[in-house]
Amino acid sequence: MELEKELEFFKSQYKELIAHYENQFVLIEGSRLLGSFTTDSEAYEAGLEQVGNKPFLIKKVIKGKDIDQAPALMLGLLNADL
Amino acid sequence: MPIYDGEFRTQTGQPGPGGLLQAGPVLPLEIAIPSALSKFLSTQNQQIPAPRSGFALIDTGATRSCVDSQVISSLGVNSIGVTTLGTAKGRSQHYLYPAKFRFPAIKFEVEFGSVVGVDLSGQGAGNMQIIALIGRDVLSRCILIYHGTKGSFSLAL
């Protein structure tokens, strides 16, 4: 799975990250923290500069889990026959 | 404020609900690589991929805008994260991608830090291939008027 290593690193370092970077966007490549940023766009630009156009993780450091909703899509109702 | 007016008519040219009911509120869309990636590719003397054209469906049920994974991947954009989509059917993991949405009909574009990559293959009505969903992240900055009986809608961005 793409970004698996980065997500594992984020999970393992979560306590440290939340203590220092709460509500910021962290940039991670492999098992390296490359920086923290105010916006995801800033983090993306920094990622391109430091890593190039390769997969890297940008994640907002927040308490709790962030879950998005797209019920029509996930229930297959975008194109339902009526 | 640019305004897109969508209207569906019957075969006799009269306003009616059928077209909008079937297709939903859709508008022409181009998906392009993020500006930061364009700049990066330019500095590397690499070719900038042409935007992909299709249609966007306005989805008031979606918290965040979504893009077809195959379309965004074909532009050479790498994922920058993973999110969980929650529904009544359960939860599933999806990749996040930075992207730029262009609305050529109203000469307007939106740059996203991230959108959710989903499988939209085969979605759409007739020749209108849906390649993105406009979620409430965009709609929170817009005015949307849906006139179901007339078969029209307006989106002020």
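Keep in mind it's a predicted model, so treat the numbers as computed, not measured. In the text below, chain A, chain B and the rest are named by the order of the sequence lines, each starting its count at 1.
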Checklist outcome for this item: Pair count under 4.5 Å, heavy atoms only, with chain B: among Asn53(A), Leu3(A), Leu57(A), Ile58(A), highest is Asn53(A)
Next on the checklist: Heavy-atom cut-off 4.5 Å, strictly under: side chain, backbone, both or neither for Tyr95(B) against chain A?
Outcome noted: side chain
Item to check | Short side-chain donor-acceptor distance under 3.5 Å, Ser114(B) and Arg64(B) | outcome: yes
Checklist entry - Are any non-hydrogen side-chain atoms of Leu85(B) and Val118(B) less than 4.5 angstrom apart? => result yes
Next on the checklist: I'd like to verify something: which residue of Leu41(B), Asn78(B), Thr60(B), Leu37(B) has the highest number of heavy-atom pairs under 4.5 Å with chain A?
Outcome noted: Asn78(B)
Next on the checklist: Between Thr10(B) and Thr12(B), do the side chains contain a donor N or O and an acceptor N or O under 3.5 Å apart?
Outcome noted: yes
Next on the checklist: Does any backbone or side-chain atom of Tyr44(A) lie under 4.5 Å from a heavy atom of chain B? Answer side chain, backbone, both or neither.
Outcome noted: side chain
Checklist entry - Is Leu144(B) reachable from Met1(B) through a run of hydrophobic residues whose side-chain heavy atoms are each under 4.5 Å from the next? => result no
Checklist entry - Is it the backbone or the side chain of Leu7(A) that comes under 4.5 Å from a heavy atom of chain B, or both, or neither? => result side chain
Checklist outcome for this item: Max heavy-atom pairs within cutoff under 4.5 Å with chain B, candidates Glu2(A), Lys59(A), Glu42(A), Glu45(A), goes to Glu2(A)
Item to check | Short side-chain to backbone donor-acceptor contact, Asp68(B) and Ser121(B), under 3.5 Å | outcome: yes
